[in-house]
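See below for the structure under consideration.
Atom set for the values below is all heavy atoms of this structure, side chains included, hydrogens, waters and symmetry mates excluded. All ligand and atom numbering here is 1-based and tracks the order in the structure.
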Amino acid sequence: MNAPALPFKPLVDQFHRRISYLRLSVIDRCDLRCTYCMPERQTFLPKSEVLSLEELHQLALGFIARGITKIRLTGGEPLVRRDMIELVRALGRQVGDGLEELTLTTNGTRLAQFAGDLAAAGVRRVNVSLDTLDRDRFARIARRDSLPAVLEGIAAAKAAGLSVKLNTVALRGENEDEIADLIGWAHAQSCEITLIEMMPLGEVDGDRFDHYLPLTTVRAALEKRFTLTPESHRSGGPAHYVRVAETGGRLGFITPLTGNFCEGCNRIRVTATGQLFPCLGGVEQVDLRAALRSADPGAALAGALDTAMRIKPERHHFAIRRAGEAPALPRHMSMTGG
Ligand code: SAM
Ligand code: SF4
């Protein structure tokens with residue numbers, strides 16, 4: 001597999017933001033059906049539309065040649081793609097050779113099976129999504145009874161030497177009363193944890209707004225139980241961090257709705273069909289699959305990436321409202337992987 005020959009030209013958008021972080025979705029399918037993410041009867045893409053392993057690899061190399069230093073593989077659920085680990089191995093070979101970090105976001109259900117392979121391939125950190133430690137709640141939120149597999153996956157990842165960060169979507173009436181305990185549990189496991197506000201991406205069964213919980217409310221409640229000291233640490237991402245004095249651990253807040261974080265945005269997202277979304281909250285897109293499959297993929301990809309830099313918007317305009325009052329964006333988070 002050869003990278004298209006691209007002249008080095010860093011990815012810089014019209015607001016002078018240097019783009020160095022790619023979230024690459026390898027599949028839109030998932031073995032869970034989290035209620036805030038997708039409907040029970042989600043329509044998945046025909047497999048023929050999804051990029052092949054070679055195309056994903058070629059694309060990733062093209063991005064590295066344009067100065068992308070961090071790649072996060074995501075989905076859907078990345079670990080349900082059968083040849084996923086081959087891609088991880090191929091990209092793992094780039095770590096230290098253009099790529100500084102290769103990471104993964106997973107729901108954890110198959111982590112017990114793959115943690116050793118991921119670590120051996122050069123992955124050092126994984127993000128695992130975990131919204132509750134209560135098995136019945138988990139089965140309600142994810143619509144699958146998979147909490148034991150996820151906990152086993154987290155333990156296996158740690159045993160394999162991977163650093164594990166937990167991501168938790170704050171959900172009114174679902175895990176609101178459990179967030180402080182989740183933080184305590186995560187920190188007792190030496191895991192960082194980041195709380196995320198629900199975003200209006202794609203239609204789901206029911207009204208997302210019923211479970212939208214602003215992190216301003218969560219933080220105020222947490223401050224009654226914990227001493228939170230703001231930290232200067234930035235992961236290069238949208239999270240703001242605090243240190244929790246009582247646990248000694250780090251807690252992140254991702255607040256797309258209550259606190260815009262676009263100013264320092266350094267990332268772009270590519271779906272499993274090769275659609276580049278320069279903004280998670282925007283409709284702008286560029287077709288990289290067409291570029292890859294053109295007669296001169298190197299030149300076409302270079303042109304497509306330049307276009308992406310021209311159209312990346314200054315900021316997202318997410319607004320979460322009752323269903324009917326404002327439509328969600330026309331794609332699910334499982335397309336772009338968060
Ligand atoms: N399946 C993997 C997982 O769950 O970690 C990777 C893909 S998932 C789309 C990535 C992250 O997006 C997860 O942490 C999930 O909780 C979050 N997510 C999904 N839909 C969301 C939404 N509408 N608003 C905010 N976060 C969402
Ligand atoms: Fe699957 Fe992740 Fe979406 Fe849950 S959040 S349904 S695990 S893609």
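The ligand atoms of ligand 1 that sit less than 4.0 angstrom from a heavy atom of Cys37 are 19 (C), 20 (N). Of all atoms in ligand 1, numbered sequentially from 1 with element shown, those under 4.0 Å from a heavy atom of Glu77 are 1 (N), 2 (C). Proximity to Glu197 (heavy-atom distance under 4.0 Å) selects the following atoms of ligand 1: 25 (C). Short contacts between ligand 1 and Gly75, defined as distances under 4.0 Å to a heavy atom of the residue, involve ligand atoms 7 (C). Heavy-atom proximity to Val169, at under 4.0 Å, picks out these atoms of ligand 1: 16 (O), 26 (N).
Only the side chain of Arg208 comes within 4.0 Å of ligand 1, counting heavy atoms alone; its backbone N, CA, C and O stay farther away. When non-hydrogen atoms are compared, ligand 1 lies under 4.0 Å from the backbone of Thr105 as well as from its side chain.
Contact check for Val50 versus Arg81: side-chain heavy atoms found under the 4.5 Å cut-off.
Using a non-hydrogen distance threshold of 4.0 Å, His332 does not register as a contact of ligand 1. The shortest separation from a heavy atom of Gly76 to ligand 1 is under 4.0 Å, placing the residue in contact.
Of all protein heavy atoms, the one lying nearest to atom 3 (C) of ligand 1 is Ser129 OG, 3.3 Å. Nearest protein neighbour of atom 10 (C) of ligand 1, counting heavy atoms only, is Gly337 O, 3.6 Å. Closest to atom 16 (O) of ligand 1 among all protein heavy atoms lies Tyr36 OH, 2.9 Å. The shortest contact between atom 12 (O) of ligand 1 and any protein heavy atom is with Met333 CG, 3.6 Å. Atom 24 (N) of ligand 1 has as its closest protein heavy atom Met199 N, 2.7 Å.
Geometric assessment of Arg219 against the ring of Phe253 yields a positive cation-pi assignment under the 6.0 Å and 45° thresholds. Note that Arg269 lies outside the cation-pi zone of Phe277, set by a 6.0 Å cut-off to the ring centre and a 45° limit from the axis.
Taking each heavy atom of Val12 and Met309 in turn, the nearest pair found is O-CB, 3.4 Å. Contact record, Gly76 with Ser25: N-OG, 4.5 Å, taken as the closest heavy-atom pair.
Side-chain contact check for Asp31 and Thr109: at least one donor-acceptor pair (N or O, by modelled atom type) lies under 3.5 Å.
Considering Arg72, Arg124, Arg125 in turn, Arg125 is the only one that fulfils the salt bridge (charged side-chain N to carboxylate O under 4.0 Å, His left out) rule with Glu101. For the side chain to side chain donor-acceptor pair (under 3.5 Å) criterion with Thr132, the lone passing option out of Glu178, Glu174, Arg140 is Glu178. When Asp177, Asp145, Asp131 are each tested for a salt bridge (charged side-chain N to carboxylate O under 4.0 Å, His left out) with Arg137, only one passes: Asp177.
Around atom 1 (Fe) of ligand 2, the protein atoms of type N, O or S that sit closer than 2.8 Å are Cys30 SG.
At least one N or O atom of Thr106 sits closer than 3.5 Å to an N or O atom of ligand 1. The distance criterion of under 3.5 Å between nitrogen or oxygen atoms is not met by Thr74 with respect to ligand 1.
Using a 4.0 Å threshold on non-hydrogen atoms, atom 8 (S) of ligand 1 does not count as touching the protein.
For Glu263, the CD atom counts as loosely surrounded, since its 6.0 Å shell holds 12 or fewer non-hydrogen atoms of other residues, nucleotides or ligands.
Here the side chain of Glu197 pairs a donor or acceptor atom with the backbone of Leu257 at under 3.5 angstrom. Put simply, the side chain of Arg66 never gets that close to the backbone of Leu11: no donor and acceptor are under 3.5 Å apart.
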Item to check | From CA spacing to verdict: side chain to side chain donor-acceptor pair (under 3.5 Å), Thr273, Glu49 | outcome: CA-CA 6 Å; Thr273 58; Glu49 286 195 24; 5.7 Å; no

Checklist entry - Between Arg208 and Asp210, is a salt bridge (Lys or Arg N to Asp or Glu O under 4.0 Å) present by the stated rule, with each step listed? => result CA-CA 5 Å; Arg208 241 198 216 104; Asp210 290 339; over 6 Å; no

